[in-house]
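In what follows, a single structure is set out as structure tokens and then discussed.
Reminder, nothing fancy here: chain letters follow the sequence lines and each chain counts from 1.
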Amino acid sequence: MIEILYQLFMGRSGAKLKSIDLSHVSAFRRKVYRELSRVPRGRVTTYGAIARKIDSRRFARAVGTAVASNPLSLVIPCHRVVPASLEVGNYGMPGRKPSEGSYIKRGILQREGVEFEGSKVSKESLWV
DNA sequence: CCGAAGACACATA
DNA sequence: TATGTGTCTTCGG
């Protein structure tokens, strides 16, 4: 775990997720988190893209619920996932208004170097 | 078990 | 732009 946090601190996200215990997490969610952890700093991906990598695009909504309740918010870069519209999307912040969550999310992304065109992230920031 | 809800996607008008 | 529909995992009764 310390290893992971160190990697994050050094800006090396996408680091190994291996050492984390995911035994009590459903297989589906493990897949989601695995893909999510591959997204590097300064890039974003979409719920649909993750869904597609796992299986099919139809899983998009399910991916959303999986990410929303991710148990490792500091380790898994859940802020690097945006809807296909490329808008910022939501960011669950219990107790706060959705708008605040989006604001925070966007702030994090910008700090990581993601470029924005208006209310949307630029396609260049999309991770392939 | 079953029903409802969800950090979505996409087609249609 | 605005609605409506398709799909799948979770969670609560």
Worksheet item: Counting side-chain heavy atoms from CB outward, which of dC8(C), dA7(B), dC8(B) is closest to Ala68(A)?
Response: dA7(B)
Worksheet entry | Interatomic distance, Ile50(A) atom CD1 to Thr45(A) atom OG1 [nearest 0.5 angstrom] | 5.0 Å
Response to the item:
Between CZ of Arg58(A) and C1' of dC8(B) the distance, given in whole Å, is 14 Å
Worksheet entry | Side chain of Phe59(A) (C-beta onward), nearest among dA7(B), dC8(C), dG6(C) | dC8(C)
Practice prompt. Write down the distance between CD (Glu87(A)) and C1' (dT1(C)), rounded to a whole number of angstrom.
Written response: 12 Å
Practice prompt. Figure out the CG/P separation between Asn70(A) and dT9(C), and round it to whole Å.
Written response: 18 Å
Fill in: Test side chain to side chain donor-acceptor pair (under 3.5 Å) applied to Ser119(A) - qualifying residues, sequence neighbours left out
none
Worksheet item: Looking only at side-chain N and O atoms, does Arg57(A) come under 4.0 Å of OP1 or OP2 in dC10(B)?
Response: yes
Worksheet item: Which nucleotide sits closest to the side chain of Val67(A): dC8(B), dA7(B), dG6(B)?
Response: dA7(B)
Worksheet, complete the sentence: Among dT10(C), dA7(B), dA9(B), the one nearest any side-chain atom of Ala84(A) is dA9(B)
Practice prompt. May I ask you to decide whether Arg43(A) forms a salt bridge with Glu112(A), counting only side-chain N to carboxylate O separations under 4.0 Å?
Written response: no
Practice prompt. Using a 4.0 Å heavy-atom cut-off across all strands, classify Gly89(A) as base, sugar-phosphate, or nothing.
Written response: nothing
Discussion item. From CG of Asp55(A) over to C1' of dG6(C), roughly how many Å is that when rounded to an integer?
Written reply: 15 Å
Practice prompt. Send over the distance from Ile54(A) CD1 to dT7(C) C1', rounded to a whole Å.
Written response: 14 Å
Worksheet item: Starting at CZ of Phe28(A) and ending at P of dT7(C), how long is that distance when rounded to a whole Å?
Response: 16 Å
Practice prompt. Using distance alone, with no hydrogens and no angle criterion, decide if Ser122(A) and Ser125(A) have a side-chain donor and acceptor under 3.5 Å apart.
Written response: yes
Practice prompt. Nearest whole angstrom, please: distance from the P of dT10(C) to the NE2 of His24(A).
Written response: 15 Å
Item to complete: Whole angstrom is fine here: how far is it from CZ in Arg61(A) over to C1' in dT5(C)?
Response: 10 Å
Item to complete: Look at the side chain of Ala62(A) and decide which nucleotide, out of dC8(B), dC11(C), dC8(C), has an atom nearest to it.
Response: dC8(C)
Fill in: Per Tyr47(A) side chain, nearest of listed nucleotides dG6(B), dA7(B), dT10(C)
dA7(B)
Discussion item. List the residues meeting side chain to side chain donor-acceptor pair (under 3.5 Å) with Ser26(A), not counting sequence neighbours, and say none if there are none.
Written reply: none
Fill in: Same apolar cluster: Met93(A) and Val88(A), side chain cutoff 4.5 Å
no
Item to complete: Test the Arg61(A)-Tyr47(A) pair against the cation-pi criterion, namely NZ or CZ under 6.0 angstrom from the six-membered ring centroid and within 45° of the ring axis.
Response: no
Fill in: Pairing string, 5' to 3', for DNA chain C - Watson-Crick or wobble contacts under 3.5 Å, brackets [ ] where pairs cross, | to another strand
||||||.||||||
Practice prompt. For Ser26(A), report the nucleic acid contact type (base, sugar-phosphate, nothing); a contact means any heavy atom under 4.0 Å.
Written response: sugar-phosphate
Practice prompt. Tell me which of Ala27(A) and Ala60(A) sits closer to the 5' end of DNA chain C, going by the nucleotide each one is nearest to.
Written response: Ala60(A)
Discussion item. I'd like to know if Lys120(A) pairs up with Glu117(A) as an ion pair, taking the criterion as any Lys NZ or Arg NE/NH1/NH2 lying under 4.0 Å from an Asp or Glu carboxylate oxygen.
Written reply: no
